[in-house]
**Student:** 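Take a look at this one; I'll ask things after.
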Amino acid sequence: MPAGATYEPIATTTVSGSSAADITFSSISGSYTDLVVVMFLRSTRTGTGTTNVYFNFNADTATNYSSTYIYGDGTTAASDRYTSQTVLTEMGEAARDGNAANIFTYSKAHIFNYAGSTNKTVLSEISSDLNGAGYVMRNVGLWRSTAAITSIKITTNAGNIAVGSSVTLYGIKAA
Amino acid sequence: MITTVKTSSVIQGMPKYRSMLAGNSAYIPSSYESIATATGTGSSGTITFSSIPSGFKHLQIRGTARSTATNYTFTLKFNNDSGSNYAQHRLFGDGTSITASGADTLTFASIGSNSISTTSSNIIGVNIIDILDYGSTSKYKTVRSFAGIDDNSGTTASQVVIRSGLWQSTSAITQIDLIAASSGSWTTQTTFALYGIKEF
């Protein structure tokens with residue numbers, strides 16, 4: 001008998017050898033209800049702090065993305081938003097190259113009803129502690145398309161995705 | 001021990017196993033299981049999960065929600081309890097400001113976010129609701145949720161919310177009602193899925 005299939009890994013990518021411009025999951029099966037993307041990321045962008053992580057679905061680079069978020073950075077709590085963007089912003093954060101060598105930022109994005117007929121809404125949770133700086137952040141994002149998601153491209157707003165970064169795509173199947 | 005069948009003309013030479021598991025992958029029971037799924041009908045503002053089995057440690061509800069009313073927040077009750085036994089806190093952001101609030105001695109817990117009748121079509125609220133140690137008969141029940149709506153409007157109609165809730169009862173949870181506010185109904189774009197998480 002196979003292992004239980006309610007919450008199962010679909011694919012995983014670990015950056016090795018040299019940094020990557022992007023991590024892409026393609027040919028995603030439509031057989032699940034939700035997708036979950038778990039990311040441990042570091043960027044080659046110089047400096048300290050973190051850099052923004054973007055999603056694009058189905059190679060769509062039109063201004064079909066928006067997001068609203070809350071965050072705390074150890075000093076300030078605030079909320080902000082992006083509208084009509086070419087990428088879905090704040091799906092995660094990646095620790096920049098100037099941080100201690102073993103620091104990676106953890107992010108988790110939940111993509112609801114990804115194969116359904118409504119526009120696609122995503123919740124993301126970001127935990128980035130850099131020992132003196134960092135963010136805790138919660139984000140809701142929208143891709144204005146009723147198409148089923150078949151690919152997810154993950155990039156950063158500057159630099160490449162550093163060696164050692166890993167992303168795993170999970171599928172959750174409701175009864 | 002494997003022996004070879006010798007006598008049957010059909011299966012001669014085939015290996016014969018003494019164990020039903022031989023040649024198969026080990027069965028690994030899932031620790032995260034789907035219990036039930038419910039979809040809105042357009043004519044009712046309550047979605048109920050009843051007769052919830054006791055074999056899990058925690059519960060999780062994941063769902064998309066749209067209401068016919070004009071209130072973005074939906075509520076939750078356990079075991080049909082409408083007494084003043086609930087408390088809640090939330091952290092709320094609408095793209096412009098962030099606010100914190102709390103309340104107690106409530107008859108329900110505000111727990112999730114839905115789009116409303118005036119939200120652009122095909123845009124839904126999304127929710128993850130965790131109910132910890134739901135079967136305990138010695139603890140009050142704690143709930144946490146993460147929810148949001150984004151409609152690209154650039155207005156405060158878009159929101160992201162994290163909430164906690166408390167049900168002051170030591171009864172095991174056997175029923176969960178998810179209730180649209182302001183006498184609204186759940187549209188057919190509303191779907192809630194209940195999952196059980198097992199303890200090791």
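No hydrogens, no waters, no symmetry mates; every other heavy atom, side chains included, goes into these values. A note on names: the letters A, B, ... follow the listed sequences, proteins ahead of strands, and every chain is numbered from 1.
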**Student:** Which atoms of Ala147(B) come close to chain A, meaning under 4.5 Å heavy atom to heavy atom: side chain ones, backbone ones, both, or neither?
**Tutor:** backbone

**Student:** Is Lys77(B) atom NZ crowded by more than 12 heavy atoms from other residues, nucleotides or ligands, each under 6.0 Å away?
**Tutor:**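 Buried by this count: over 12 neighbours within 6.0 Å.
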
**Student:** When rounded to the nearest 0.5 angstrom, what is the spacing between CD1 in Ile162(B) and CG in Leu123(A)?
**Tutor:**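 Taking CD1 in Ile162(B) and CG in Leu123(A), the distance rounds to 11.5 Å.
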
**Student:** Of all the heavy-atom pairs spanning Asp150(B) and Ser66(A), show the shortest one and how long it is.
**Tutor:** OD1-OG, 2.5 Å

**Student:** Let me know if Asn64(A) has heavy atoms under 4.5 Å from chain B in its side chain, its backbone, both or neither.
**Tutor:**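 Asn64(A) has no heavy atom closer than 4.5 Å to chain B.
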
**Student:** Judged by atom type as modelled, is there a donor-acceptor pair below 3.5 Å linking the side chain of Thr6(A) to the main-chain atoms of Glu33(B)?
**Tutor:**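 Side chain of Thr6(A) to backbone of Glu33(B): no pair is present.
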
**Student:** Select one option (side chain, backbone, both, neither) describing which atoms of Tyr195(B) are under 4.5 Å from chain A's heavy atoms.
**Tutor:**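 Side chain only.
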
**Student:** Quick one: does Phe112(A)'s side chain get under 4.5 Å of Ile124(B)'s, heavy atoms only?
**Tutor:** no

**Student:** As an exercise: rank Leu194(B), Asn127(B), Thr191(B), Thr99(B) by heavy-atom pairs under 4.5 Å with chain A and give me the winner.
**Tutor:** Asn127(B)

**Student:** Supply the atom-to-atom distance Arg144(A) CZ to Ile123(B) CD1, rounded to the nearest 0.5 angstrom.
**Tutor:** 7.5 Å

**Student:** Nearest 0.5 Å please: distance from the CD atom of Gln189(B) over to the OG atom of Ser117(A).
**Tutor:** 7.0 Å

**Student:** So which part of Ser115(B) gets closer than 4.5 Å to some heavy atom of chain A, the side chain, the backbone, both or neither?
**Tutor:**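 Contact with chain A is absent: no heavy atom of Ser115(B) under 4.5 Å.
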
**Student:** Starting at CG of Asp94(B), measure out to CZ of Arg81(A) and round the result to the nearest 0.5 Å.
**Tutor:**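 Those atoms lie 6.5 Å apart.
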
**Student:** Out of curiosity, Lys173(A) NZ to Tyr32(B) OH, how far, rounded to the nearest 0.5 Å?
**Tutor:**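 Output value for this atom pair is 14.0 Å.
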
